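Atom set for the values below is all heavy atoms of this structure, side chains included, hydrogens, waters and symmetry mates excluded. The structure displayed is predicted, hence computed values, not measured ones. Each chain gets a letter, A, B and so on, in the order its sequence line appears, and its residues count up from 1.
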Amino acid sequence: MGEITFSDAICRALKEEMAKDPTIFTYGEDIAKQGGIFGQYKGLLGSYSDRVIDTPISEEVIYGSAVGAALAGTRPVVEFHFSDFLFTGITAIVNQVMKIRYMSGGQGSLPIVFRGPDGRGKSAAAQHSQSIESIFMHVPGIKVASPAFPKDIYGLLKTALTGDDPVMIFEHKMLYGFKEEVPDEEFFIPFGKAEKKREGDDVTVVAMSRMVHESLKAAEELAKEGIECEVLDLRSLVPWDKEAVLESVKKTGRLVTVHETWRRCGWGAELAATVQEEAFDYLDGPVLRVGGRNVPDPFSPPQEEFVMPNKDWVVKEVKKFFA
Amino acid sequence: MSILERDKMLEMYETMVRIRAFEKRAEELFLDNKIPGFIHLYIGEEAIAAGVMAHLRPDDFITSTHRGHGHMLAKGADSKPMMAELFGKKTGYCKGKGGSMHIMNFELGVLGANGEVAGGLPIAAGAGMAIAMIKKTDQVVVCFFGDGASNRGAFHEALNWAKVYNLPIVFVVENNCYASTACTHETTSVEDIAVRGQGYNIEGITIDGNDVLEVYETAGKAIKKAREGGGPTIIEAKTYRLKGHFVGDPQKYRGEVEVKEKWPGEPIGRFENFLREKGVLDDVSKEEIWKKYEAEIEKAIAFSQESPYPAPEEALTDLFVDDTGYDY
Ligand SMILES: Cc1ncc(C[n+]2csc(CCOP(=O)(O)OP(=O)(O)O)c2C)c(N)n1
């Protein structure tokens, strides 16, 4: 078992599956020659040069071509460059990828993986910092994950690469360098399974992606004041692990959801609605939500900091239960 | 050579020097961690902004790109709020909300640098409609974008649109041989992007974008045509991106030798030689011009450094004109 970064984990999963399956190929902007705009796929450089392809800046075709490629018998892995640019080809995803199998009455399958960076933290401003996972929870038709740890991106990507449905994976750009020990043996992590990162009896905190790290820091701080949080890393959003969340809430009676994407209509709202429908009698108070402020991402560092949730926001929200 | 020509040439030379002086310092400041985010430099491409903008009136519009410092300066931007915006300061053109990649000033007619490649083309189409179909003025729109942008659907849709409505738009594609890490010829089906105009029945002209006089002359005709109701033109200005895609780019996709070989063709030195031959510029006047703009940029930097950051809470303003109707 060795320490590897989030980026290494992505490259490892891809290389392993590409070795097994000659129909897997990956393409996008700046991925082959440079190894990703943040150098995050350096590990792919040199391997399978015929199956790692740089494309023109043509997002609608980058995304939409995956449909044709999948139906013609291959497994495309599409790098979307920045989550923000999913919008520049969104019709290919929302109106094609997410509907074709359904409209065909279940003929065939679309084994497509979309993946790439999202998130704030690099002063990249409003058009290069967005987290938009909730949109793909709202519109039906694609599985969604946003892991927080190298082992999870590895295991979920492995599952995606061997599964038969379209998948969208968001990788927080501030996590690419994050390191942890990952087993050397191959393993798979299923979609729809949360992971309990910390046990606690007082409050359930459900987070995903970078916010899991912030929530764990918050839990540590709160523990010093005698408040024990149970921190769940949701890992995937479609499907999301309702059972794990309900079970934890039934124990603690309190729930805080934490995401970086905008608070308004973020996925925390869906969890809150579900929990009040299905576990109302167990709740000791309203479900509280931490989410980014409802404005585009400002460039100036003090303002970017201001709109982006962090550990302190989680601490503050949790304490509301005990005020 | 008439006095007018002489003055115009010097004006364009000064514009180019001013942009270069700004960019050189921006690069240093970025490497020194004084400027956050990403910046994309216009070094080596100055002749295009200078030659085109020499024809524009203050009430004409431009749309720019992520590589937009040069366009904005040439359209008349004050270097102080320009630089302050790169720093993310309150005194910046966008109060620190936009930064280098999204710098804009509507008063100057700059409808935005743009973080989205080809994001400016539909915007230019709309400005063209407003001018030609609704307001019926003789303003024009110049739409700048890169070779890479010409591979996006928005480019093709905007060109067709501009022709269908006969809009006063001059499309200027800055073909600097690269789109981020991709070689233009490896990702673009044509050698000369201007030929794509043919598909939309738009006149397309390919020129040497490092020759400011050729830019000036070609842009002059296209802008005049647009102003007089003659519709759109696409000008492809061939140039070369002498710096990385962004400052800090490891440039794994090209060798140092290639870049070195391109430096002698850079537009400022070339124009300098020409101006010397014509007796318009000598060592003394050249030195004076450089000093003048270097001093201006130093003042802009000092101004930026002294300026405060915007208050964090002000992140919540500017979304709507009616700033009271939404929740945070
Ligand atoms: C729609 C979209 N896709 C991808 C990107 C990422 N990106 C930023 S600049 C760039 C290259 C642009 O090339 P070109 O249009 O030739 O302009 P240049 O950088 O050469 O000036 C890319 C791919 C983006 N900003 N927007």
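- When each of A:Ala124, A:Ala32, A:Gly35 is scored by its heavy-atom pairs under 4.5 Å with chain B, the top score falls to A:Ala124.
- Taking the side chain as every heavy atom from C-beta outward, B:Phe246 and A:Ile37 approach each other to under 4.5 Å.
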_Is there a salt bridge (charged side-chain N to carboxylate O under 4.0 Å, His left out) between A:Lys33 and B:Glu186? Walk through the geometry before answering._
CA-CA 12 Å; A:Lys33 276 195 231 142; B:Glu186 287 174 10; 2.7 Å; yes
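- Residues A:Ser58 and B:Asn151 bring no donor and acceptor atom of their side chains to less than 3.5 Å of each other.
- There is no contact between B:Ala154 and chain A, counting heavy-atom distances below 4.5 Å.
- Heavy-atom neighbours of A:Lys99 NZ from other residues, nucleotides or ligands within 6.0 Å: above the threshold of 12.
- Contact of A:Ala126 with chain B is made through the backbone alone, with heavy-atom distances under 4.5 Å.
- Within a 6.0 Å sphere centred on CD of B:Glu314, heavy atoms belonging to other residues, nucleotides or ligands number more than 12.
- One N or O on the side chain of A:Ser300 and one on the backbone of B:Gly88 form a donor-acceptor pair closer than 3.5 Å.
- When B:Pro250, B:Cys94, B:Gly92 are compared by the number of non-hydrogen pairs under 4.5 Å with chain A, B:Pro250 comes out ahead.
- Ranking B:Gly115, B:Ser180, B:Ala118, B:Gly119 against chain A, the residue ahead of the rest is B:Gly115, based on heavy-atom pairs under 4.5 Å.
- Across all their heavy atoms, A:Pro302 and B:Pro312 have their closest contact at O-CB, 3.9 Å.
- Of the listed residues (B:Gly98, B:Gly153, B:Ala182), the greatest number of heavy-atom pairs within a distance under 4.5 Å of chain A belongs to B:Gly98.
- Here the side chains of A:Gln34 and B:Asp249 are in contact, with some heavy-atom distance below 4.5 Å.
- Interface remark: of the candidates A:Glu59, A:Gln303, A:Glu305, A:Gln303 forms the most heavy-atom pairs closer than 4.5 Å to chain B.
- Other residues, nucleotides and ligands contribute at most 12 non-hydrogen atoms within 6.0 Å of the CD atom of B:Gln198.
- Among the candidates A:Val61, A:Thr55, A:Thr88, the residue making the largest number of heavy-atom pairs closer than 4.5 Å to chain B is A:Thr88.
- For B:Trp161, the CH2 atom counts as loosely surrounded, since its 6.0 Å shell holds 12 or fewer non-hydrogen atoms of other residues, nucleotides or ligands.
- Using bins of under 30°, 30° to 60° and over 60° for the plane-to-plane angle, the ring pair B:Phe38/A:Phe82 lands in the perpendicular bin.
- Between the CD1 atom of A:Ile57 and the OG1 atom of B:Thr188 there is a distance of 8.5 Å, given to the nearest 0.5 Å.
- A pairwise comparison of heavy atoms in A:Asp30 and B:Thr181 identifies OD1-OG1, 2.6 Å as the closest pair.
- Of the atoms belonging to B:Leu86, it is backbone heavy atoms, and not side-chain ones, that fall under 4.5 Å from chain A.
- Within 6.0 Å of NZ in B:Lys238 there are more than 12 heavy atoms belonging to other residues, nucleotides or ligands.
- B:Met101 places none of its side-chain heavy atoms less than 4.5 Å from the side chain of A:Gln127.
- To the nearest 0.5 angstrom, A:Phe85 atom CZ is 8.5 Å from B:Arg152 atom CZ.
- Side-chain contact between A:Phe306 and B:Glu313 is present, with heavy atoms from C-beta onward closer than 4.5 Å.
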